[in-house]
Amino acid sequence: MQRQYAFFILLLSILISCKPTMSQMSSIDDKVDQLLQKMTLEEKIGQMNQYSSFYDITGPAPKDGSAKTRYDQVKSGQVGSMLNVLGTEQIRKLQQIAVEESRLGIPLIFGYDVIHGYKTLTPIPLAETASWDLEAIEMSARNAAKEAAAAGINWTFAPMVDISRDARWGRVMEGAGEDTYLGCRVAEARVRGFQGDDLNSTSSIAATAKHFAGYGFAESGKDYNTADVGLSTLYNVILPPFKAAMDAGVRTFMNSFNELNGIPATGDVFLQRDILKGEWGFDGFVVSDWGSITEMQDHGYAANGREASKLAAIAGSDMDMESSLYVEHLKDLVESGDVDETLINDAARRILKVKYELGLFDDPYKYCDASREKSIIGNDEMLAGSLEMALKSIVLLKNENGVLPLAKSGKNIAVIGQLANDKNSPLGNWRGHVDANTAISVLEGLQSHSTNTYTYEQGVKLFDGEESFIRHINVNTTDDSGIDEAVAAAKGSDVVIMVLGEHGYMSGEGRSRANINLPGFQQELLERVHSVNENIILVLMNGRPLALDWADKNINTIVEAWHLGSRSGDAIAQVLFGDYNPSGKLPVTFPRDVNQVPLYYNYKNTGRPGPIEMVFWSHYSDQSNDPLYPFGYGLSYTTFEYSNLNVAESSDGLRVSVTLSNTGKYTGEEVVQCYIRDKFASVTRPVKELKGFKKLGLEAGESQEVVINLSKADLSFYNNQGKLIFEPGEFEIMVGGNSADVLVETIEMK
Ligand code: NOJ
């Protein structure tokens with residue numbers, strides 16, 4: 001008995017003396033709580049501070065005067081995260097300082113803009129959305145995560161889920177286009193792709209839903225501009241993709257440069273505390289946009305940096321990206337009682353939690369395996385994924401007289417346009433860490449997939465000089481001397497392939513355009529070539545809708561190829577030769593003219609929808625109300641017909657069925673789209689709203705019944721108090737291959 005007692009005492013004392021390691025503690029929340037208890041106020045504030053790369057282990061470090069201070073700040077636990085530090089070697093070095101030289105050894109989290117690939121680029125997000133293929137989009141984000149994670153990155157600032165209706169806004173390229181329903185599905189797919197099934201895996205990285213909120217509604221499409229939107233638009237159009245991303249498990253949000261209804265988003269309590277962290281219960285963290293805390297002074301909202309810090313912290317901006325204001329002011333703000341310390345605890349807790357979830361506490365170097373970096377980056381899986389996504393992203397806009405698909409041999413083809421021979425531009429903007437000039441050009445693609453004879457002529461230079469992320473592309477508006485040679489080449493050829501549009505750096509952040517025509521002398525080039533040879537295939541490269549009225553009227557064959565990434569030329573060639581039958585559909589409306597903008601399919605009817613004979617209806621006297629190409633539009637080499645639309649009530653809403661028939665000569669894929677119109681509601685509803693879609697393939701001559709189920713939630717809308725409500729009454733249910741061309745059934749819902 002006595003010996004048993006002694007043994008028990010011994011066991012107890014062993015247990016007490018062995019402090020449990022962090023990984024032995026029960027849950028992440030407990031671990032975070034225990035860590036927080038050990039942290040000083042400065043260290044907690046340090047977690048809320050994020051700097052951009054300043055430490056270059058392979059070159060002279062530090063690079064500038066402030067770098068030394070910043071390096072010391074990592075050591076003293078005043079930095080929680082770094083962005084733009086790339087590669088396992090550099091990330092390991094910096095992590096070592098945080099983990100081995102700071103008092104508590106808290107690992108840094110390394111973020112980067114992995115928007116459509118890290119080293120191997122996939123199509124720009126707008127283009128990927130044109131695939132309407134959620135599995136492919138998820139795969140593409142997964143590959144991007146694998147590559148970035150292999151290079152040491154733990155966190156991407158993507159997906160951008162901002163809805164935008166304005167083709168002038170340069171960042172249209174970075175999102176999923178104009179539609180909220182499609183935007184929600186794509187947001188979920190991208191979050192799943194980046195984060196995988198297990199955030200703790202070495203191939204998963206944390207994702208960010210950005211920019212919260214209203215950034216895509218910048219007035220006049222000018223980047224960073226004021227957004228002034230009504231509650232109905234905010235709740236029904238802007239917020240749902242953020243909520244969808246959250247429900248898919250996104251671990252971070254980024255707030256936004258813009259003000260929304262008079263309050264800079266970064267300092268907006270309503271957005272971040274009331275909606276995001278309150279009503280939605282988001283338990284990850286919010287990072288500011290680059291310097292957006294300090295920019296609240298320019299907005300005229302905060303009188304100085306101290307006040308900006310206070311407003312941002314109170315509003316729920318957990319991490320300060322690159323304005324240094326939190327480290328400068330938060331301690332004093334807490335000590336003076338201006339900011340409650342519980343807010344600091346809450347922010348630090350959220351950030352630490354995500355670091356635990358990523359497994360950074362268990363192994364801070366888990367992303368820093370140089371051999372994995374070598375074997376994954378640019379490997380065959382990445383390149384194959386990029387090609388698959390590029391093929392799916394191409395949209396066939398016109399194919400009159402069936403010029404496409406093209407024969408692979410025996411043709412004499414003139415290839416015209418600087419973009420046809422460009423290996424850089426197809427990489428698009430927000431191009432991660434890709435090496436310049438590594439895309440397959442259109443010319444290379446054509447040559448490697450066929451034996452036709454090709455004569456290349458640049459025609460006019462689209463641009464010259466620097467191709468830079470931070471400066472505007474210098475569009476050539478003075479020298480049109482190459483047009484004659486292009487015309488001569490076109491004259492004697494069987495077919496002319498013209499590759500026109502925008503350089504990859506003409507869309508993206510800070511690249512708003514007041515004019516969305518073909519830039520430079522390209523329109524003139526197109527018209528002159530057309531005057532000698534009408535057999536033109538126009539291949540477009542662009543990051544936003546372009547106004548192509550003349551081209552649509554005069555050119556028989558038009559292919560929308562966006563900026564497709566590393567395998568661009570391969571994908572374009574495979575589509576032109578019919579190795580792949582195009583199946584993309586536009587995720588944005590293409591206007592006829594920039595003056596129609598904002599032009600989108602889900603507009604409100606107004607009290608005077610017209611048309612009537614008199615002038616008193618909602619229209620222009622000098623331009624049509626109709627777009628050039630509607631949302632959801634895109635052709636195939638085969639043709640599809642819709643029949644037998646049937647709408648029946650189901651236990652939770654509606655069962656919508658339609659017969660889809662492939663009436664053409666080729667096997668092809670179609671995106672069956674289902675729209676609704678809630679005819680009368682307590683807050684007016686748009687004339688059409690996408691509520692479901694299915695992409696499927698059919699062989700020539702084959703028919704299939706396609707069923708889309710709509711739930712009551714799909715038939716509901718947000719009222720101006722932000723409540724999702726269903727109102728019984730008359731609904732139109734529309735199904736078709738684009739938003740303008742649909743079969744319609746009306747049903748009364750109780
Ligand atoms: C500013 C952009 O608005 C944001 O989207 C991006 O993630 C940050 N810069 C970091 O590069």
Side-chain angles (χ1 to χ4, degrees), residues 49-54 79-86 108-118 124-126 141 144-145 148 151 153-164 169-176 187 190-191 194 205-218 221-227 238 241-242 245 250-260 264-266 271 284-296 298-299 312 317-324 428-434 468-471 505 507-512 543:
N49 184 31
Q50 184 188 50
Y51 285 140
S52 183
S53 165
F54 58 82
V79 183
S81 173
M82 298 286 303
L83 74 152
N84 299 334
V85 185
L86 305 175
L108 295 164
I109 176 172
F110 292 90
Y112 191 51
D113 290 286
V114 184
I115 306 298
H116 55 114
Y118 175 73
I124 55 170
L126 184 68
I153 309 294
N154 328 137
W155 173 27
T156 175
F157 305 125
M160 186 189 95
V161 303
D162 298 306
I163 297 299
S164 180
W169 190 49
R171 296 193 83 168
V172 162
M173 54 86 40
E174 209 186 327
R190 292 207 165 113
V191 170
F194 288 131
I205 57 180
T208 308
K210 72 186 188 185
H211 305 85
F212 198 63
Y215 188 41
F217 276 69
K222 203 163 56 174
D223 210 0
Y224 318 118
N225 207 3
T226 301
I238 294 175
F242 288 98
V250 78
R251 297 314 293 134
T252 76
F253 268 56
M254 183 184 290
N255 57 34
S256 186
F257 288 129
N258 59 284
E259 66 162 71
L260 179 72
T266 305
L271 284 175
F285 70 89
V286 178
V287 63
S288 81
D289 203 343
W290 181 287
S292 66
I293 298 181
T294 189
E295 286 179 14
M296 289 202 290
D298 294 293
H299 277 289
S317 297
D318 300 310
M319 187 181 276
D320 171 5
M321 181 189 284
E322 216 19 54
S323 78
S324 315
N429 205 336
W430 284 119
R431 51 174 63 186
H433 195 42
V434 75
S468 149
F469 174 64
I470 55 169
R471 274 176 241 296
Y505 280 136
S507 54
E509 186 175 348
R511 267 76 173 201
S512 296

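First listed ligand is number 1; within each ligand, the first listed atom is number 1.
In terms of heavy atoms, Ser52 sits closest to Trp290 at CB-CH2, 3.5 Å. Ala144 approaches Tyr118 most closely through the heavy-atom pair O-CB, 4.4 Å.
Protein heavy atom nearest atom 7 (O) of ligand 1, with residue, atom name and distance: Asp113 OD1, 2.6 Å.
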> Going through the distances and angles, do Asn84 and Tyr51 end up as a side-chain contact (heavy atoms from CB on, under 4.5 Å)?
Replying inline: CA-CA 9 Å; Asn84 299 334; Tyr51 285 140; over 6 Å; no
> Going through the checks in order, is the side chain to side chain donor-acceptor pair (under 3.5 Å) test met by Ser256 and Asn258?
Replying inline: CA-CA 6 Å; Ser256 186; Asn258 59 284; 2.2 Å; yes
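Under a 4.0 Å criterion applied to the non-hydrogen atoms of Phe157, ligand 1 contributes the atoms 7 (O). Taking every heavy atom of Asp289 and a limit of under 4.0 angstrom, the matching atoms of ligand 1 come to 1 (C), 2 (C), 3 (O), 4 (C), 6 (C), 8 (C), 9 (N).
For Glu174, the heavy-atom gap to ligand 1 stays at 4.0 angstrom or more. Ligand 1 lies less than 4.0 angstrom from a heavy atom belonging to Arg171. Under the 4.0 angstrom criterion for non-hydrogen atoms, Tyr112 is not in contact with ligand 1.
Inclusion of His211 in the set of residues having an N or O under 3.5 Å from an N or O of ligand 1 is warranted.
The proximity of Lys210 to ligand 1, defined as any non-hydrogen pair under 4.0 Å, is limited to the side chain.
You'll find the side chain of Trp430 reaches within 4.5 Å of the side chain of Arg171, heavy atoms only.
A donor atom on one side chain and an acceptor atom on the other are not found under 3.5 Å apart for Thr294 and Ser323.
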